[in-house]
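First the structure, in the form of structure tokens, and then the observations on it.
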Amino acid sequence: MAAPEGQWVLMATGRSPTNIAVIKYWGKRDEALILPVNDSISVTLDPGHLSATTTVAVSPSFPSDRMWLNGKEISLSGGRFQSCLREIRKRACEFEDEKKGIKIKKEDWEKLHVHIASYNNFPTAAGLASSAAGFACLVFTLGKLMNVKEDYGELSSIARQGSGSACRSLYGGFVKWCMGKKDDGSDSLAVQLADETHWNDLVIIIAVVSSKQKETSSTSGMRDTVETSPLLQYRAQTVVPSRVLKMEEAIKNQDFESFAKLTCADSNQFHAVCLDTSPPIFYMNDTSHRIISLVEKWNQSEGTPQVAYTFDAGPNAVLIARNRKTAAVLLQKLLYYFPPQDKDLSSYLVGDKSILGDAGL
Ligand code: DP6
């Protein structure tokens with residue numbers, strides 16, 4: 001059968017926020033399918049601050065698949081992009097727009113090429129999980145364009161094949177990535193623990209210690225950890241399973257004390273595992289350590305945690321304040337000890353944890 005013909009272009013645009021893990025994903029048991037060694041839990045941010053916006057288009061006049069990231073053309077030949085495209089195309093359904101005279105049959109989607117333009121409103125690859133928002137948005141938007149009927153859980157398992165943490169950005173609120181047991185990865189997907197209206201007191205402040213590209217990517221860092229760290233096995237098999245249960249309880253009951261203790265402990269253990277890797281990986285720097293000390297001292301002096309901290313694969317601090325009042329005090333303290341534009345810190349991003357219901361299409 002011939003591919004559809006004509007001068008038309010069909011487009012869809014979507015927006016997905018990034019997510020911040022409070023129980024970290026670090027280590028794969030299957031590199032190709034991106035299957036993790038443990039469950040993880042995250043908070044999806046409000047899309048106003050750290051999000052990817054993606055427009056995808058198909059047209060009979062496009063001779064090949066192409067993609068632009070922040071205005072610059074990038075290669076789509078990587079296995080991760082190809083996995084996402086292949087999985088979405090497989091699930092594409094017939095589409096018809098009588099007014100515009102467009103009819104695309106299920107089998108036509110294989111023959112139509114896509115153009116993808118994606119923008120991040122934050123620094124790419126600076127440890128601010130840009131790939132999470134990017135792949136979640138790509139899969140969500142391609143799914144819209146190609147009339148895919150699968151639910152968000154199924155889409156999350158496709159986004160996972162772009163970047164592990166991306167599967168958690170399909171949902172707002174609090175999200176768990178269940179590692180799954182099956183070898184084909186079909187049960188390794190995200191589930192929403194609580195929606196974006198739950199626990200709205202929380203305020204997230206991100207201290208951008210450095211917006212430079214990180215030296216060791218998450219992908220290669222976690223590969224080295226899996227190969228060399230004896231601590232990782234203990235973390236994945238003994239520590240994380242019980243931590244995940246406790247974190248689910250803390251989120252359900254809006255128990256900030258437990259939430260903060262678990263979040264900080266898990267961030268610290270993730271970085272300990274990085275140090276336990278050979279050669280050791282240093283994602284945090286002196287400024288990150290000073291921020292941890294500031295928060296720890298403050299929490300101790302109050303007798304109960306006011307703020308939780310967590311650091312991903314970079315030096316930037318994600319600080320979660322128990323409410324707006326605390327967030328205001330935190331910001332004052334940060335501005336006093338770490339003035340922006342100083343050598344230590346470039347800027348602050350402040351936002352709610354909540355996001356729009358359906359990734360903002
Ligand atoms: C430290 O999802 O970026 O942010 O699956 O190889 O693309 P790949 O890695 P990625 O790793 C994120 C690691 C983390 C922790 C987390 O988000 O859970």
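Start at 1 and go down the list; that is how both ligands and their atoms are numbered.
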field: Subset of ligand 1 atoms that lie under 4.0 Å from at least one heavy atom of A21
entry: 16 (C), 17 (O), 18 (O)
query: Can you list the ligand 1 atoms lying under 4.0 Å from a non-hydrogen atom of T219?
result: 6 (O), 7 (O), 8 (P)
- prompt: Got a salt bridge between K103 and D97, using NZ or NE/NH1/NH2 to carboxylate O under 4.0 Å?
  reply: no
- request: Would you check if the side chain of S188 reaches a backbone N or O of G185 as a donor-acceptor pair within less than 3.5 Å?
  value: no
query: Quick check, are the ring centers of W68 and Y119 under 6.0 angstrom apart?
result: no
query: Contact between R160 and ligand 1, counting heavy atoms under 4.0 Å?
result: no
message: Exactly one of L202, I204, T310, V175 should register a side-chain contact (heavy atoms from CB on, under 4.5 Å) with V43. Which one does?
response: I204
- request: Mind jotting down which residue pairs meet the salt bridge (Lys or Arg N to Asp or Glu O under 4.0 Å) criterion with at least one end in residues 61-74? Sequence neighbours excluded, please.
  value: D65-R89, R66-E73
task: Just let me know how S165 lines up against ligand 1, side chain, backbone, both or neither, with a heavy-atom cut-off below 4.0 Å.
output: both
task: Answer with side chain, backbone, both or neither: which part of S40 has a heavy atom less than 4.0 angstrom from an atom of ligand 1?
output: neither
- line: Taking only non-hydrogen atoms of G164 and a 4.0 Å limit, the atoms of ligand 1 in range are 2 (O), 5 (O), 7 (O), 8 (P)
task: Please work out whether any backbone atom (N, CA, C, O) or any side-chain heavy atom from C-beta onward of H271 is under 4.0 Å from ligand 1, and answer side chain, backbone, both or neither.
output: neither
- prompt: Taking atom types as modelled, is there a side-chain donor on Y309 or E296 under 3.5 Å from an acceptor on the other?
  reply: yes
- prompt: Where the closest heavy atom to atom 6 (O) of ligand 1 is concerned, which of M222, Q161, R168, K28 has it?
  reply: K28
- prompt: Ignoring hydrogens and geometry, is there a side-chain-to-backbone donor-acceptor pair from E257 to P305 under 3.5 Å?
  reply: no
message: Below the 3.5 angstrom mark, is there an N/O of F270, backbone or side chain, next to an N/O of ligand 1?
response: no
message: Below a 4.0 angstrom heavy-atom separation, can you tell me which part of I34, side chain or backbone, both or neither, approaches ligand 1?
response: side chain
message: Show the atoms of ligand 1 that are less than 4.0 angstrom away from any heavy atom in S131.
response: 3 (O)
query: Of all the atoms in ligand 1, which lie at a distance below 4.0 Å from a heavy atom belonging to R80?
result: 6 (O), 7 (O), 8 (P)
query: Are K105 and D108 ion-paired here, with the side-chain N under 4.0 Å from a carboxylate O?
result: no
Please list, one pair per line, the donor and acceptor atoms closer than 3.5 Å that link side chains of residues 236-246 to other protein atoms, with sequence neighbours excluded.
residue : atom : partner : partner atom : Å
S242    : OG   : V239    : O            : 3.3
R243    : NH1  : D266    : OD1          : 2.9

task: Check whether any heavy atom of W177 sits under 4.0 Å from an atom of ligand 1.
output: no
Distance filter under 4.0 Å to S218 heavy atoms, resulting ligand 1 atoms: 3 (O), 9 (O), 10 (P), 11 (O)
- request: Indicate yes or no: does an N/O atom of S163 lie under 3.5 Å from an N/O atom of ligand 1?
  value: yes
Aromatic ring proximity, centroids under 6.0 angstrom, F135 and F81: yes
